[in-house]
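One structure is given here, and the rest of the page talks about it.
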Amino acid sequence: MDMRQVEGLRTELAGFVADVFASVPRRDQRAKSDCYLRGLMLDGRRKSVAAMAGRLPDGDEQNLQQFVNQSPWDPVPVRRRIAERMVPLIGPDAWVIDDVSFPKDGRMSVGASHQYCGALGKQANCQVAVSVHAVTDAASVPVHWRLFLPKEWDRDTERRRAAGVPQGVGHREKWRLALDMLDELAGWGLTPPLVVADAGYGQNADFRAAVADRGLPFVVGVRADLAVQPYDARPTAPAWSGNGRRPQPRYRQPAASVGEFAAGPGLSQFTEVTWREGSRGPMTSRFRALRVRPAGRRSRQIAHAAATAGQTQWDGVLPDVWLLAEWPDGEAGPTRFWLSDLPEDVPLADLVRLAKIRWRIEHDYRELKHGLGLDHFEGRSWNGWHHHATLVTAAHAFLTEQRLAPKAGTPASPSTRSSTLSRTC
């Protein structure tokens with residue numbers, strides 16, 4: 001946005017900031033958040049504090065640096081209010097869980113480590129954050145964030161102290177961070193109609209089980225090597241000899257990979273489905289959906305524990321879910337796979353559309369990173385990163401509101417202050 005466009009939204013932005021940042025105790029800090037958001041939305045190659053302050057007629061670099069890096073305001077109530085505004089406005093079809101990386105040159109930025117960096121497509125020094133997005137085919141917005149701390153940060157007291165990592169905060173797997181966010185959002189009165197995630201989460205049997213245990217349906221990507229049993233397979237137990245423990249029921253045939261299982265009958269079993277209109281025309285491919293029973297040691301352990309929680313004997317039957325496979329034109333076999341516990345009567349077209357709805361968050365990430373400077377933050381601290389990520393999310397939410405309903409009101413926050421913000425930082 002150019003300066004004229006940003007200035008034209010000053011009244012709407014002031015009302016948005018007064019509501020979303022109502023939890024920030026000081027008036028001057030709320031005024032700085034207004035200034036910071038304008039800096040993020042304003043055109044410019046870099047969205048570092050120095051660069052934004054230089055472009056804003058009322059920008060003060062020292063004040064903005066202090067606000068984002070040293071000021072003690074809590075970003076969590078701000079993110080809560082963003083979520084409370086945006087979820088009803090968007091009316092999401094699903095919440096999408098994903099993670100995003102930020103390449104770093106040094107080792108002192110909070111959470112920085114040599115790990116897989118999706119932004120570069122290889123192992124590199126970077127930060128990684130897990131995010132939850134409310135999504136439809138028409139709009140989406142992140143509603144929560146967690147910064148991932150690699151294991152090495154648990155024992156590196158020097159870097160933890162320098163970055164201001166709070167005591168008690170340490171390494172936690174990305175899938176557990178995602179569940180933590182779902183739980184916190186539920187505590188705010190917000191629950192998803194459906195959880196969608198890629199194979200980085202869906203391959204994990206514990207993650208799938210934990211989502212299902214929360215009463216949330218899912219559509220998650222899996223790799224071609226995930227083991228499954230056919231839906232109609234039944235476990236059996238050998239006859240008991242009368243000595244020792246009774247044999248436990250087990251599937252006697254080896255499990256197959258989803259890649260082998262889906263491709264078995266050939267291309268004739270796949271149906272052409274169009275799931276949305278893309279910028280270059282209809283998005284169409286060939287799909288097959290069938291019921292399977294995820295296998296493997298961990299899936300069996302989880303099923304056994306769930307079945308015997310009431311001290312009943314397990315019959316050995318693994319839970320069944322949908323397996324969705326995609327076989328694109330020009331490929332020798334299926335290339336993408338998903339598992340879902342949606343009802344058995346879900347139409348194939350709906351299953352495909354929901355599996356593919358992750359495309360919206362790529363739009364989010366492009367706008368958050370390239371348009372709003374999510375990865376331009378130059379500070380190193382825990383507070384600084386969380387403040388910046390929250391402010392970028394607020395800018396994204398404000399712009400999304402303007403695109404969806406420029407004149408529509410949103411539910412008022414109980415703590416919204418009636419006073420208007422100062423026009424200066």
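The basis for the numbers below is simple: all heavy atoms, side chains too, and nothing from hydrogens, waters or symmetry mates. Note that the structure is a prediction, hence the values are computed from the model and not measured.
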Q. If you round to the nearest 0.5 Å, how far is CD of E184 from CZ of R80?
A. 9.0 Å
Q.
Are R380 and S109 packed together at the side-chain level, in the sense that at least one heavy-atom pair is separated by less than 4.5 angstrom?
A. yes
Q) So, R4 and E7, do they make that salt bridge, N to O below 4.0 Å? A) no
**Q.** Pairwise side-chain contact, C126 with F102, heavy-atom cut-off 4.5 Å (strictly under)
**A.** no
Q: Check for a donor-acceptor pair, side chain of Q203 on one end and backbone N or O of R223 on the other, with a separation under 3.5 Å.
A: yes
Q. S71 pairs by side-chain hydrogen bond (donor to acceptor under 3.5 Å, both in side chains) with which of H387, Q66, Q29?
A. Q29
**Q.** Any side-chain heavy-atom pair of R208 and V321 under 4.5 Å
**A.** no
Q. Taking it one step at a time, do W95 and H144 satisfy ring pair (Phe, Tyr, Trp, His ring centres under 6.0 Å)?
A. CA-CA 11 Å; W95 288 5; H144 219 338; 9.7 Å; no
Q | Heavy-atom closest pair, residues P75 and T390 | A | CB-OG1, 3.3 Å
Q) Does G371 offer a backbone N or O that forms a donor-acceptor pair with the side chain of K47 under 3.5 Å? A) yes
Q: Could you give me the CA-CA distance, side-chain angles and deciding distance for V49 and V68, then say whether side-chain contact (heavy atoms from CB on, under 4.5 Å) is met?
A: CA-CA 9 Å; V49 171; V68 74; 4.1 Å; yes
Q | NZ/NE/NH1/NH2 to OD/OE distance under 4.0 Å, D156 and R107 | A | yes
**Q.** Note: D206-R176 ion pair, threshold 4.0 Å (strictly below)
**A.** no
**Q.** Side-chain donor/acceptor of D341 to backbone N/O of F218, under 3.5 Å
**A.** yes
(Q) Looking at R358 and V196, would you say the former's side chain and the latter's main chain have a donor-acceptor pair under 3.5 Å? (A) no
Q) Within the side chain of T191, is there an N or O that forms a donor-acceptor pair under 3.5 Å with the backbone of A186? A) no
Q. Is D99 reaching over with its side chain to a backbone N or O of A129, donor-acceptor style, under 3.5 angstrom?
A. no
Q.
Within a 6.0 Å radius of atom CD on E158, are there more than 12 heavy atoms belonging to other residues, nucleotides or ligands?
A. no
Q: Mark yes or no for whether D225, through its side chain, and S257, through its backbone, hold a donor-acceptor pair below 3.5 Å.
A: no
Q: Any chance you could lay out the ring pair (Phe, Tyr, Trp, His ring centres under 6.0 Å) test for W359 and H363, step after step, and finish with the verdict?
A: CA-CA 7 Å; W359 76 272; H363 180 279; 7.2 Å; no
**Q.** Smallest separation among heavy atoms of W145 and L368, with atom names
**A.** CZ2-CD1, 4.1 Å
Q. Got L190 and V143 here, is their nearest side-chain heavy-atom distance under 4.5 Å?
A. no
Q.
Whether the side chain of R55 engages the backbone of G39 through a donor-acceptor N/O pair (distance < 3.5 Å, no angle test) should be reported.
A. no
Q. Does R159 make a cation-pi contact with W153 (under 6.0 Å, within 45 degrees of the axis)?
A. yes
Q | Other residues, nucleotides, ligands: >12 heavy atoms within 6.0 Å of Q62 CD | A | no
Q.
How close do P217 and P193 get, counting heavy atoms only, and between which atoms?
A. CG-O, 3.1 Å
Q. More than 12 foreign heavy atoms under 6.0 Å from CG of D105: is that the case here?
A. no
Q: Give me the ring orientation class for H133 and Y365: parallel if the planes are under 30° apart, tilted from 30 to 60°, perpendicular past 60°.
A: perpendicular
**Q.** Closest contact, heavy atoms only, E344 versus Y231
**A.** OE2-OH, 4.3 Å
(Q) Parallel, tilted or perpendicular: which one describes the rings of F67 and W73, with boundaries at 30° and 60°? (A) parallel
Q: State, to 0.1 Å, how close V169 and R160 come at their nearest heavy-atom pair, and which atoms those are.
A: O-NH2, 2.7 Å
Q.
If we ignore hydrogens and angles and just use 3.5 Å, is the side chain of D154 paired with the main-chain N or O of G170 as donor and acceptor?
A. no
Q: Tell me yes or no: between the side chains of T400 and R403, is some donor less than 3.5 Å from an acceptor?
A: yes
Q | Student check: side-chain heavy atoms of R360 and T136 closer than 4.5 Å | A | no
Q.
Measuring only between side-chain heavy atoms, which start at C-beta, is K356 closer than 4.5 Å to R276?
A. no
**Q.** Heavy-atom check, side chain of R286 versus side chain of D329, under 4.5 Å
**A.** yes
Q: Write down the atom of A262, the atom of F337, and the distance for their closest heavy-atom approach.
A: CB-CE2, 4.1 Å
